[in-house]
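The structure under discussion appears below in the form of structure tokens.
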Amino acid sequence: MEKKKIIDELKQAFPEKIKDTSSEFGDDAVTIDKDILLDFVQFLRKKPHEYTMLLDLTCMDYLGKEPRFEMVYLLLSMTGKHRLKIKIPLPEKDASIQSLASIWKNANWLEREVYDMFGIRFIGHPDLRRLFMYDGFEGYPLRKDYPLRKCQPRIRLRK
Amino acid sequence: MKGNFITTKFNYILGWARKFSLFHYPFVTACCGMEYMSAACAHFDIDRFGAGWTRFSPRQSDMMLVVGTISHKLAPVLRTVYDQMTEPKWVIAFGTCTVSGGIYDNYAVVQGIDRIIPVDVYLPGCPPRPDTVLDALIKLQEKIQSQEQDWRWKKRK
């Protein structure tokens, strides 16, 4: 019951903005345009849905396909006891998206991680620096075209 | 004079003293630390072999246990800690990650800490059992005993 409902409501609220939906094993996913992301999550945060928790925020790299990247947001509604997955395709030429750090505090570091590993630019992020890799690291290691064993040592190695 | 003195070689007795008074510095970064803890605590009791003192300052220790994955981000720290240790000093590479990088053959992990610092004993295992740790310690003691000792007033050839 609940599963069909949220997708149908979203289709009503954002007509023609939702490109694709799927609902497998109780796991609802919607694919949307990136320009409506902020409105979309604000709509989901409000009553009656109350998707108030950002569980995770990550990225996929489909090298060789267009669009190449795909952002994935996992939301949880604690009152509705339901999860929702939002997917947003991103082209390689314009790999940028609105930041959610003003809405969820934990999005700050999650977006920094995605920036560190995939090089996605987050517009409006308060402090977009690398999170894991050190200063001077070049490239984005989780992109599929990063060489598998390419190391960038900080000190000279012995052999 | 019967039974009042022994004869020995200075090199031998210095090695004997050194091998049974190893102060170790645990450079613990990952899950091998659990095996290090059980080796160091009462069940396996590394103190039986004279290596019971854990020193959390590299300046007071003479055996470094590099326990766990060393990433390229951490490599300068490991190098600095090794340089801070006073001579004589020995290093045990504890676990497969420190020996060869282990399962982490990627952009982030150093493929064996012997690319950063010299290693005396390689201790493989993912993680190694505590009795393997004791075996490595005994191997290191044999190495210390048999090596040419260095001391401050030693005459150089």
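Every chain is numbered from 1 and lettered A, B, ... according to where its sequence line falls, protein lines coming before strand lines.
Within 6.0 Å of NZ on Lys65(A) lie no more than 12 heavy atoms contributed by other residues, nucleotides or ligands.
Taken from CZ in Arg112(A) to CG in Leu57(A), the straight-line distance is 14.0 Å, to the nearest 0.5 Å.
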Residue pair Asp94(A), Lys34(A): steps toward the salt bridge (Lys or Arg N to Asp or Glu O under 4.0 Å) verdict: CA-CA 11 Å; Asp94(A) 181 25; Lys34(A) 76 170 180 179; 3.0 Å; yes
Between Asp61(A) and Arg68(A), is a salt bridge (Lys or Arg N to Asp or Glu O under 4.0 Å) present by the stated rule, with each step listed? CA-CA 6 Å; Asp61(A) 182 2; Arg68(A) 180 176 167 184; 2.8 Å; yes
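When every heavy atom of His82(A) is checked against every heavy atom of Ile6(A), the shortest pair comes out as CE1-CG2, 3.7 Å. Among all heavy-atom pairs drawn from Glu138(A) and Tyr146(A), the shortest one is O-CE1, 3.9 Å.
Taking the side chain to side chain contact (heavy atoms under 4.5 Å, CB included) definition, one finds that Arg59(B) meets it with Ser57(B), Gln84(B), sequence neighbours left out. Lys11(A) pairs by the side chain to side chain contact (heavy atoms under 4.5 Å, CB included) definition with Ile7(A), Ile18(A), Thr21(A), not counting sequence neighbours.
Contacts with chain A (heavy atom to heavy atom, under 4.5 Å) involve these residues of residues 91-130 of chain B, listed by number: Asp105(B), Asn106(B), Tyr107(B), Val109(B), Asp114(B), Arg115(B), Ile116(B), Ile117(B), Pro118(B). Residues of residues 14-32 of chain B lying under 4.5 angstrom from chain A, judged on non-hydrogen atoms, do not exist.
Put simply, the side chain of Gln145(B) gets close to the backbone of Tyr12(B): a donor and an acceptor are under 3.5 Å apart. Distance alone, capped at 3.5 Å, is enough to place a donor-acceptor pair between the Arg48(B) side chain and the Asp45(B) backbone.
Contacts of Phe132(A) with chain B are made by backbone atoms alone, with heavy-atom separations under 4.5 Å and no side-chain atom involved.
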